[in-house]
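Remarks on the structure that follows.
Below, each value reflects all heavy atoms present in this structure, side chains not excepted, and no hydrogens, waters or symmetry copies. So that the names make sense, note that chain A is the first sequence line, chain B the second, and so on, each numbered from 1.
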Amino acid sequence: MLRNLNPEQLAAVTLPAVPALILAGAGSGKTRVLTTRIAWLLQTGQVGPGGVLAVTFTNKAAKEMLTRLSSMLPVAVRGMWIGTFHGLCNRFLRAHWKLAGLAQGFQILDSSDQLSAVKRVIKGMNLDEERFVPKQVTWFIAGRKEEGERPKDVDVRDEQTRKLVEIYQTYQDQCEREGVVDFGELMLRTYELLRDNDPLREHYRRRFSHVLVDEFQDTNKLQYAWLKMFAPPGGVGQSVIAVGDDDQSIYAFRGARVGNMADFEREYRVPAVIKLEQNYRSYGHILDAANGLISRNTHRLGKVLRTDAGAGEPVRVFESTSDYAEAQWLLEEAQALHRAGTPRSEIALLYRSNAQSRVLESALFNAGLPYRVYGGLRFFERAEVKHALAYMRLLENPHDDTSFLRVVNFPARGIGARSIELLQDAARTSGRSLAQSVGAVPGKAGANLQAFVALVDGLRAATQGLTLRLIIEQVLAKTGLVDFYKTDKEGQDRIENLEELVNAAESFVTQEGFGKDAVGLPVDEHGPDATAAAAPDADTGEIMSPLAAFLTHASLEAGDNQAKTGQDAIQLMTVHSAKGLEFDAVFITGIEEGLFPHEQSLSDADGVEEERRLMYVAITRARKRLYLSFSQTRMLHGQTRYNVKSRFFDEIPADTLKWITPRQQAFGSGYAREYQQAWQRGSGLGGIVGAGRVDAPAFAQPAAPAFVAAAAGQAAGFRVGQTVFHTKFGEGVISTLEGRGADARAQVTFGRHGSKWLALAIAKLTPVD
DNA sequence: AGCACGCTATTTTTT
DNA sequence: ATAGCGTGCT
């Protein structure tokens with residue numbers, strides 16, 4: 001188990017029970033160290049499974065840890081507390097819901113649920129949505145909770161804040177009434193209960209002798225305070241290990257405090273920081289570029305990555321005249337890599353902001369190359385899935401007004417905005433839930449409301465004791481959801497997603513660890529024992545219904561962030577979402593002043609330092625090849641911007657870089673001239689100058705004729721009426737053929753996607769026999 | 001109740 | 001450019 005560890009890794013794995021801070025560089029085998037440490041502790045009998053608490057940020061990281069652990073150890077990982085901050089809080093609060101003052105079987109609001117709950121509060125308080133923008137209010141509330149502040153704790157200095165606090169309080173009351181908690185509440189409740197309940201806190205402190213926190217640089221104030229509840233500085237008989245990389249701290253905007261690392265070192269009196277600087281991922285030039293860049297940051301804990309892998313290829317830099325040309329270039333380069341043997345899935349196109357993906361997507365799309373975009377809606381966030389879940393939540397808890405409002409008139413059943421308003425008024429004055437107040441609405445609408453409640457009540461009765469699968473199938477059929485989408489012209493995909501929901505439930509039920517590690521059912525929580533007579537919950541050990549457990553799972557784990565897998569596809573994502581991933585070849589695009597570093601980060605030095613760390617993260621994703629590109633012009637917000645190359649190019653050691661821009665392209669194009677003129681006018685280098693001429697044809701949207709590149713291509717071999725196969729659209733029939741050679745294009749009618757114009761030189765069309 | 005038009009915002013995101 | 005959202009109209 002300990003073989004093949006380098007000296008630093010070995011030291012980290014076999015640390016004695018002292019507080020430790022492990023500075024784990026990118027690609028230094030961090031996860032391996034964490035899991036090996038736990039395995040080693042267990043195997044040497046220093047701790048039993050029940051004594052381990054390991055926290056991560058993402059479900060993915062938690063899962064990976066569990067998977068690796070169970071492959072290293074024969075024993076089940078059952079008793080260990082390994083999970084995300086929120087997952088573990090959930091587990092804790094399910095066991096101690098009564099002490100925490102929560103409803104039994106409380107449900108969890110995801111951020112969109114939270115947003116609609118906040119909207120409801122603002123409307124109910126008759127406040128102006130212009131002055132109290134729901135999104136910002138939500139952000140305020142989440143922000144306060146992350147700082148550990150209840151409404152009474154907020155520092156009120158102006159009228160606006162006073163009102164915001166009032167909204168916060170009202171929102172809180174509403175959540176209480178409806179038996180729901182948001183993500184911040186999971187953390188804060190857990191923290192408060194441990195803080196205020198001495199026996200309970202002592203119980204958990206005694207129980208967890210080994211506490212490990214992953215990605216410590218991403219923790220916020222509350223999470224650090226939370227950690228101290230489980231394992232305080234100077235705690236006796238406890239080992240606390242924080243693992244992190246200050247150079248990869250890229251989430252300050254959502255409350256992460258890199259400073260927690262330095263604070264941890266000081267407050268826990270960490271005797272020696274262990275640095276994992278041996279990198280097992282990238283070639284030398286790539287690491288040199290990363291090291292050189294990040295050395296420009298101040299206040300670092302200090303770390304230099306090294307490798308035995310050799311220098312490898314230099315980092316290639318490409319300057320283009322337009323975002324369009326940039327896309328075209330990297331597409332060709334990616335094709336070349338692919339032809340040379342790199343799988344497409346090992347090629348990543350990274351960008352600073354999502355808006356940049358469009359131009360890349362269009363280019364890939366028109367060229368017929370398979371690609372996959374990360375980000376966007378996750379499975380459990382899809383509207384139709386949320387609708388189905390809302391019905392299921394109402395089965396569990398009829399007083400969940402958020403869910404009630406979501407589906408009361410979906411599918412439409414003659415309940416309009418006016419009657420809902422009446423209903424809400426009635427509920428507000430009586431302090432009851434919407435479902436309890438339907439009697440207060442007169443007339444036809446009132447009858448419709450009562451019918452809706454009867455529908456849900458009937459479903460609840462009819463699904464009592466059924467398997468999860470049957471419950472969902474009943475919900476989908478009896479609520480009319482499936483019927484609704486059947487008549488909808490775009491409904492086919494949605495029906496498929498609903499079927500997928502049934503599958504998700506099915507695999508959730510059969511999955512190993514259902515309701516226990518995965519969901520956080522209180523299995524081994526007996527609370528404090530006799531020593532803490534005041535603390536134990538009578539309900540401890542109670543089994544959640546599969547339905548409730550599945551709903552929790554759906555909120556806590558929104559599902560895959562990536563589009564459907566299947567074929568070998570080029571990966572597109574923001575630099576943020578690339579964190580933690582690695583690829584053979586990485587293209588970082590749009591490295592321009594104003595974009596990367598982003599203009600909104602330029603106002604303060606901290607902002608630029610975070611952008612630099614972001615660039616550092618991006619660079620260190622690459623194993624073998626790294627490409628950096630920027631463009632003189634870029635279409636953004638409907639206007640052409642004239643950009644200059646990022647300052648980061650001057651901060652990366654020049655001898656790691658190889659500029660590969662063809663001379664005439666960089667300096668000879670019409671664009672470059674225009675750009676220089678703009679520069680001479682002094683009218684906004686790096687800013688908006690005005691709409692420029694586009695030297696390449698405008699992008700074809702997927703439905704419009706495909707752009708024909710001037711590249712050489714083979715158009716022959718197709719005829720009208722022929723059936724062809726396209727990687728993206730599937731099978732189709734050629735209805736028109738136009739042009740010859742490189743300009744040849746075909747109109748193809750696809751079953752699912754309708755009629756498309758495709759450039760034969762670019763699109764991959766294969767004849768079907 | 002549903003659609004159309006017009007307004008606005010537009011870094012990064014997990015749970 | 002454009003997507004998402006709210007208002008107002010039919």
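Counting any heavy atom pair closer than 4.0 Å across all strands shown, A:Phe57 reaches sugar-phosphate atoms only and no base atom. Among the protein residues, A:Phe85 comes within range of no part of the nucleic acid, since none of its heavy atoms lies under 4.0 Å from any strand. In this structure, A:Gly184 reaches neither bases nor backbone, as no heavy-atom distance under 4.0 Å exists between it and the strands shown. In this structure, A:Asn354 reaches the sugar-phosphate backbone alone: every heavy-atom distance under 4.0 Å involves primed, P, OP1 or OP2 atoms, never a base. In this structure, A:Asn409 reaches the sugar-phosphate backbone alone: every heavy-atom distance under 4.0 Å involves primed, P, OP1 or OP2 atoms, never a base. Within the 4.0 angstrom heavy-atom criterion, base atoms lie near A:Ser111. As judged by a 4.0 angstrom heavy-atom cut-off over every strand, A:Asn59 is placed among residues touching the sugar-phosphate backbone only. Residue A:Ile415 is classed as a sugar-phosphate contact, given heavy-atom separations below 4.0 Å to backbone atoms only.
Distance A:Gln639 CD to B:dT10 C1': 13 Å, rounded to the nearest Å. Separating the NZ atom of A:Lys145 from the C1' atom of B:dT14 is a distance of 16 Å, rounded to the nearest angstrom. In this structure, CG of A:Leu581 is placed 11 Å from P of B:dT14, rounded to the nearest angstrom. The separation between A:Tyr374 atom OH and B:dT14 atom P is 12 Å, rounded to whole Å. Distance CZ (A:Arg418) to P (C:dT7): 16 Å, rounded to an integer number of Å. For A:Asp214 and B:dT15, the CG to P distance is 13 Å, given to the nearest whole Å. A:Glu610 has its CD atom 12 Å from the P atom of B:dT13, to the nearest Å. Between A:Asp218 atom CG and B:dT12 atom C1' there is a gap of 12 Å when expressed in whole angstrom units.
Distances shorter than 4.0 Å separate some side-chain N or O of A:Arg358 from OP1 or OP2 on C:dA3. Of the side-chain N and O atoms in A:Arg378, one or more sit less than 4.0 angstrom from OP1 or OP2 of B:dT15. Side-chain N/O atoms of A:Thr574 include one lying less than 4.0 angstrom from OP1 or OP2 on B:dT13.
With A:Tyr168 as the aromatic partner, A:Arg150 does not meet the cation-pi criteria of under 6.0 angstrom to the ring centre and within 45 degrees of the ring axis.
Nearest-nucleotide assignment on DNA chain B puts the 5′-proximal partner with A:Ser353, out of A:Glu381 and A:Ser353. Position along DNA chain B of the nearest nucleotide to A:Leu614 versus A:Lys60 favours A:Leu614 as the more 5'-ward residue.
Separating the P atom of B:dT12 from that of C:dC5 is a span of 16 Å, rounded to the nearest Å.
A stacking contact between A:Phe253 and B:dT13 is absent: the pair does not combine a ring-centre distance of less than 5.5 Å to the base's six-membered ring with planes differing by less than 30°. Judged by centroid separation below 5.5 Å and plane tilt below 30°, A:His576 does not stack onto the base of B:dT12.
Taking 4.0 Å as the cut-off between side-chain N and carboxylate O, A:Arg647 and A:Glu611 do not count as a salt-bridged pair. Salt bridge absent: A:Arg393 and A:Glu396 never bring a charged side-chain N and a carboxylate O closer than 4.0 Å. Ionic pairing of A:Glu129 and A:Lys119 is not present here: no N-O contact between side-chain nitrogen and carboxylate oxygen is shorter than 4.0 angstrom. Under a 4.0 Å N-O distance rule, the pair A:Glu610/A:Arg254 does not qualify as a salt bridge. Between A:Arg358 and A:Glu361 there is no salt bridge, since no side-chain nitrogen of the basic residue lies less than 4.0 Å from a carboxylate oxygen of the acidic one.
Checked against B:dT15, B:dT14, B:dT12, the side chain of A:Phe183 finds its nearest nucleotide in B:dT15. If you check B:dT14, C:dG6, B:dT11 against the side chain of A:His598, the one that comes closest is B:dT11. Ranking C:dA1, B:dT12, B:dT15 by closeness to the A:Arg352 side chain, first place goes to B:dT12. Between B:dT14, C:dG6, B:dT15, one nucleotide has an atom nearer to the side chain of A:Arg254 than all others, and that is B:dT14.
You'll find the ring centres of A:Tyr371 and A:Phe365 outside the 6.0 Å limit.
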